[in-house]
Amino acid sequence: MADYLRQMPHQGSADLARRPSTISRLHIDIPLLLLLLVLTVYGLVVLYSGSGKDMSAVIRQGRYFLLAYGIMFTVAQVNLGRIMRWAPWLYLVGVGTLVAVMLVGVGAKGAQRWLSIGGFRFQPSEIMKLVLPLTVAWYLADRTLPPRFFHVMVALALLGIPAALILQQPDLGTALLIAASGLFVLFMAGMGWRYIFGAVLAAGASAWPAWMFVLKDYQKQRILTMLDPESDKLGAGWNIIQSKTAIGSGGWEGKGWMNGTQSHLDFLPESHTDFIIAVLSEEFGLRGVLVLLSIYLLILLRGFWIGIRAQSSFGRMMAGSLTLTFFVYIFVNMGMVAGLLPVVGVPLPLVSAGGTSVVTLMAGFGILMAISTEKSTGPR
Amino acid sequence: MPKHIQLKDPNRETRISSARTVIAVLLVLASLGIVVARYYSLQITQYEVYRTQSERNRVQLQPLPPKRGLIYDRNGVLLADNRPSYMLSIVREQVQDLDSTLAELGRLLPVTESDLANFQKKLKRRRPYEAVPLRFRLTEQERAVLAVNRYRLPGVVVDAQLLRYYPHGKLFSHAIGYVGRINEQEVLDLDESDYRGTFHVGKVGVEKFYEDILHGDVGYQNVETNAHGRVLRVLERFAPKPGADLVLNLDIRVQKAAYEALGDRRGAVVAIDPLTGGVLALVSTPGFDTNLFVNGISSADYSALRDSLDVPLFNRAIQGQYPPGSTIKPFMSMAGLESGLVTPQSTVADPGWFSLPGDSRKYRDWILRIRGTGHASRVDMKMAIAESCDVYFYDLARRLTIDRMYEYLAPFGFGERTGVDTTNERRGVLPSTRWKRDAMGQPWYPGETISAGIGQGYMLASPMQLAFATSVIASKGVRRTPRLLQSIDGVPVEAPLLDPILVPPEYWSAVYEGMIEVVHGQRGTAKALAVGIEYQMAGKTGTAQVIGIAQGSVYKEEEVAERHRHHGLFIAFAPAEAPTIAVAIIVENGGGSSAATPIARAVIDTWLFGEAG
């Protein structure tokens, strides 16, 4: 396979004094894999309770994980250089499907996000979550780093196009996450601090026009509700009040597995998907939250470690971006459920029920594993 | 491609990347710190707050409405009952296709347009798990049809609810009043916690006056519910305290006798037991079916009642304001005796008319038109009452003056509410110079005193006031506030005793004699009713000139004549040797007192003998 072709020129190199194990031949990062498995099991345990003791939901989620792990292993086998070369083409396909969604997409809850092909629905914006950072990294990998102004602008254009297309679906949450994944590549590429601060200032300055002209009423409502959930107790504020109640009432020890009254008596909305952290907090208490955060933190640290050890700047940028994006999911989800951030549709990574995000995230970890087993050669 | 490579500096890129990674790790740690701080704050610092809130979420207090007390007459006949009423409701979330379910129900049982409209209106306001009523008062047959078809109508529920039912309909409409659905104003006025779960409240009459007693105390159960409000289990239960049953002084036989004697005429009868103050009958005709009001009267039914020329919703017995006419004369006689202006023996010359000194205006006696002369050359008190001599009372009124008239008549309850235990009683008018100044801003004219002496002019009284005043004469000065209520859950309730009118017994005897003569005398104005009578009845007839009582009602041309006839009045008590009943009767546009006197006979016979003689 590609692997052999890739390894061929380096046989006998001093770097390879160590005997290549089966594991490394399979391009698997053992610590990362173990952490992901622990997280998967923990997530399924919480899901069983969060779905109302619905074993079929757990089995369904388990199947998604099987598929996702398969995809992760497959992606891990692909030569990083090949992934990089595919990136621009995937990007073009991705942008094309986003345009297609705009034209012939399938709507749900007032937003047009899905593309239906032969009865199979899929969400092009989800694929962009991986393709976009790959493309930005592909573009920057060949430039001198830190990127010059022109290259930053091109990179911003690359991320701006899909972000704008997703924003008009409208899907503010995903648009911001995708934009963030591209920005993280720029950040890892060493984009100058003046650009970063400039961008922060620009974002601050654009808040007012965004509020006036860009944000839809329901998005403004979410922000207002987050600021004062009591203002709409039975309406939009309900979710936040109930999730905060679920979290708070868990205390240190929690009410015990399957004993969460908030979730089992249906006070908690979306208890098995976006709000599953509230179930975990209620049933396992702050202890359980800290355990989860520890697993997450170890995964993040492993991701950064892979980035630092990466042999190419493409790998470093990708590892950093993937890890930071993973972190953003955690932060946004846990923040919104606890009433720190407005409610946007961001799942708790690898814990919330749902196939798409699991597959995307695990494909991302596949790329991380590909980076981790990249041999110390030049980018080509 | 090599052109790119020459510009790149791998070492620098690695350094940059490592530095950025360190920064990223620090950012991640800081952000996770924020998350941990937030969860710590929610789960540790504010733990108690949220634990309480989640408990409150889970456990709900559900009100258990008490059963409303029943109302009986003095013989134990049920006057106000609670009957299970079955209603058909739909739980939206359990219905798959609402339109087809409604259509199917429409095939099974009658569902009107207004039922559907009300249903749709309520549907919008209720949560999907709440049952929304579609049809009330299902018949047994309709329930059977629904039971058979239930399996194919998911989400269709038949619920029983206790509804007030008045078995005697119109007969007691004004005596008992009715309950109705709690309206928006009442929601504000009623004790919210006590009325959680109660949908009906007394609107008028006894039902309203004794609302607190009839309602009972609400009970509660603690239930565990889910967020949809569905009850999962009952944790604890505090039973409601049912409302107390009331036994009234009303006697259904007397009530019926009065109601039937009034027939289709407009009028009112109030009968009081002078010994106890108990109200034996309280009738106002026409009545109306109070059951219509219990669960919301239809607008068609309501406008029919409201717009009827006979104003059936108007309680003539306590709200009707009639000039008492000659029925005032026994009370005027008492005023004369008490003031010392007359004695039972003193007489007044009666030419058939009366005039004030220095005034040419003649105040005619009613008999002048018939006989062309007075009742007799000289008239004493007994004759003045028996024959209803106007001149005697014109003269007395002149000497008494209006303000002393007020002073002596007020203790009989004129111009003041009797305080009977029901709602909407009106006070009538007992005129005085002060009253006229306050009410009309005018001075009192001497001529007005003359007409006041025969119960005309400004003076107004309700049948309840007249019955009370009559009972005071019957009991020789003992005054008890009229009471509909006899006992609460078997515990007797005494009518409040007021200060008695203390006068020498011969005064009462003199008035008694005159009133007995009205019924039993050769020339008594009510002698017609004495035919075949086996007991002594004392009474006084009266005629009142018509003034419209129903303001704002439109009189039709052809009915004007009938509605301009005089009102016939009659007050009476019996048996004269030991009175046990005092009545006041008015027949609107009866033409004269002869319309009212037979009713008194029917009512009193029924009370004394258990049936009309």
Practice task
Examine whether an atom of B/Thr14 lies under 4.5 Å from a heavy atom of chain A, and if so say whether it belongs to the side chain, the backbone or both; otherwise answer neither.
Solution key: both
Handout entry: Proximity breakdown for A/Phe327 and chain B, heavy-atom pairs closer than 4.5 Å
Key = side chain
Exercise for the section: Tell me, for A/Leu300 versus chain B, whether the close heavy atoms (under 4.5 Å) come from the side chain, the backbone, both or neither. Expected result: side chain
Problem - A/Ser249 (side chain) donor-acceptor with A/Thr245 (main chain) under 3.5 angstrom - result: yes
Practice task
Go through the structure and list residues passing ring pair (Phe, Tyr, Trp, His ring centres under 6.0 Å) with B/His200, not counting sequence neighbours.
Solution key: none
Exercise for the section: Report yes or no: is the cationic atom of A/Arg82 (NZ for Lys, CZ for Arg) closer than 6.0 Å to the six-membered ring centre of A/Trp138, at no more than 45° off its axis? Expected result: no
Exercise for the section: Select one option (side chain, backbone, both, neither) describing which atoms of A/Leu324 are under 4.5 Å from chain B's heavy atoms. Expected result: side chain
Fill in the blank from the handout: Residues at least two apart in sequence or cross-chain that pass side-chain contact (heavy atoms from CB on, under 4.5 Å) with B/Ser298, listed by chain then number, are B/Ala300, B/Asp301
Problem - Heavy-atom pairs under 4.5 Å with chain A, option from B/Arg51, B/Glu48, B/Arg38, B/Gln46 with the top count - result: B/Arg38
Handout entry: Heavy-atom side-chain proximity of A/Tyr139 to A/Val185 below 4.5 angstrom
Key = no
Fill in the blank from the handout: Okay, A/Ala189 and chain B: the region with an atom under 4.5 Å from a heavy atom over there is backbone
Practice task
For each of A/Phe331, A/Phe184, A/Phe187, tally heavy-atom pairs with chain B at distances under 4.5 Å, and name the one with the top tally.
Solution key: A/Phe187
Problem - Minimum side-chain heavy-atom gap A/Ser312-A/Leu80 below 4.5 Å - result: yes
